[in-house]
Amino acid sequence: MLYSEQKNFDEIKAYLEKNNTCFIVGCNGCAESSGSGGPKQVEEMKKKLTEAGKNVTGTKSVEFLCSKALVKSSLKGKVDQVKAADAVLALTCGIGIQCVAASVNKPVYPGCNTVNRGGIRGEWEGTERCDECGQCFLWHTGGVCPITACTKSLLSGACGGANKGKCEVNKDRECGWELIYNRLKERGLLSHLDDMLKPMDHRKLFPRPEMMALARFGLENPGKVTDQPKPPPPPPAPKAAAPAAGVPAPGAPKAASPTTPKEVK
Ligand code: SF4
Ligand code: SF4
């Protein structure tokens with residue numbers, strides 16, 4: 001499971017600044033479990049964007065957005081609403097956003113960040129990958145992840161070493177930044193490359209203490225659990241009731257009884 005959380009609403013509004021109309025897609029898988037992109041959050045986002053002056057042409061919650069085949073088949077009944085939108089907002093993890101961006105011929109923007117959980121990931125059929133950087137950059141790169149598609153995880157553009165579309169580090173791989181460039185060109189978004197991204201916040205590349213405290217993290221990362229919840233302090237010892245007159249307190253040494261026979265020598 002990939003854990004995601006919604007981006008700040010001002011950030012989402014900024015992505016959609018030049019788009020008057022948008023379509024919202026959510027995910028009934030991990031994003032619903034995370035409380036970031038299920039049907040409830042899709043409806044809430046629709047309300048907020050409408051109040052902010054946007055025309056939401058439609059919404060769709062898909063069982064799993066990490067499957068391109070499922071994205072395409074689920075949106076078949078919504079083709080007109082998607083066509084009427086200037087952009088699509090995806091409330092889901094990094095994999096889901098990449099799958100939507102690969103399936104819909106529109107600018108696709110991320111409504112969520114995928115939170116780092118220290119390497120706990122599921123399996124899925126597609127080639128898309130997410131390194132849980134906690135600050136999803138897919139809004140800038142046309143829905144192609146610069147962290148996982150580029151061998152050097154470059155954020156500021158191509159290194160210049162690609163040859164015939166292949167990466168200089170690994171010739172079996174496509175150059176991630178050529179994929180980004182081609183996607184932006186195809187969607188009319190090349191102006192994104194006029195701006196530089198802010199430097200990555202490396203603190204978000206590590207699991208948060210609350211994530212590291214999860215039992216599953218501990219099982220999969222033995223020796224790395226640093227912030228397990230502390231056990232509660234032991235309850236205070238019950239106060240002993242004051243002994244009645246003539247009755248010794250519990251544990252007190254026994255007083256010699258006047259009736260105890262003297263040791264016979
Ligand atoms: S930019 Fe890439 S690694 Fe970061 S959250 Fe998005 S898909 Fe995942
Ligand atoms: S050739 Fe392309 S994918 Fe490889 S490191 Fe350079 S920019 Fe990244």
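All ligand and atom numbering here is 1-based and tracks the order in the structure. All figures in this text were calculated on a predicted structure; none of them were measured in a lab. One is the number of the first residue; the rest follow in order along the sequence.
- We find that Lys47 and Glu43 are not joined by a salt bridge, their nearest charged nitrogen and carboxylate oxygen being 4.0 Å or further apart.
- The contact set between ligand 1 and Gln98, taken as ligand atoms under 4.0 Å from a residue heavy atom, comprises 7 (S).
- Nearest non-hydrogen protein atom to atom 2 (Fe) of ligand 1 is Cys145 SG, 2.3 Å.
- Using a 4.5 Å heavy-atom threshold, the side chains of Cys22 and Leu49 count as touching.
- Interface atoms of ligand 2 facing Lys152, defined by a heavy-atom separation under 4.0 Å, are 5 (S).
- Regarding atom 6 (Fe) of ligand 2, its nearest protein heavy-atom neighbour is Cys159 SG, 2.3 Å.
- Using a 4.0 Å cut-off between heavy atoms, Glu132 contacts ligand 1 through its backbone alone, with no side-chain atom that close.
- Not close to ligand 1: Thr148, with no non-hydrogen atom less than 4.0 angstrom away.
- In terms of heavy atoms, Leu155 sits closest to Leu197 at O-CD1, 3.5 Å.
- Among the atoms of Cys136, none of the N, O or S atoms falls under 2.8 Å from atom 4 (Fe) of ligand 1.
- Close approach of ligand 2 to Cys150 (heavy-atom distance below 4.0 Å) involves ligand atoms 3 (S), 5 (S), 7 (S), 8 (Fe).
- Leu2 is listed as a side-chain neighbour of Glu132, based on a closest heavy-atom distance under 4.5 Å.
- Regarding atom 3 (S) of ligand 2, its nearest protein heavy-atom neighbour is Gly176 N, 3.3 Å.
- Interface of Phe137 with ligand 1, defined as ligand atoms under 4.0 Å from a residue heavy atom, comprises 1 (S).
- Side-chain contact check for Ile12 versus Lys48: every heavy-atom pair is 4.5 Å or farther apart.
- Heavy atoms of other residues, nucleotides or ligands lying less than 6.0 angstrom from NZ of Lys72 number more than 12.
- Considering only non-hydrogen protein atoms, atom 1 (S) of ligand 2 sits nearest to Glu168 N, 3.4 Å.
- Atom 8 (Fe) of ligand 1 has its closest protein heavy atom at Cys130 SG, 2.3 Å.
- Note that CD of Glu5 is 9.5 Å distant from OG1 of Thr114, once rounded to the nearest 0.5 Å.
- In this structure, Thr92 and Cys112 have side chains that are not in contact, with every pair of non-hydrogen atoms separated by 4.5 Å or more.
- In this structure the side chain of Leu138 never reaches within 4.5 angstrom of the side chain of Val108, judged on heavy atoms.
- Taking backbone and side chain together, Cys175 holds an N, O or S atom under 2.8 Å from atom 2 (Fe) of ligand 2.
- Of the protein's heavy atoms, Cys133 SG, 2.3 Å lies nearest to atom 4 (Fe) of ligand 1.
- Contact of the Thr141 side chain with the Trp177 side chain is registered, since non-hydrogen atoms from C-beta on lie closer than 4.5 Å.
- Which parts of ligand 2 touch Thr151 is read off a 4.0 Å heavy-atom cut-off, strictly below it: atoms 3 (S), 4 (Fe), 8 (Fe).
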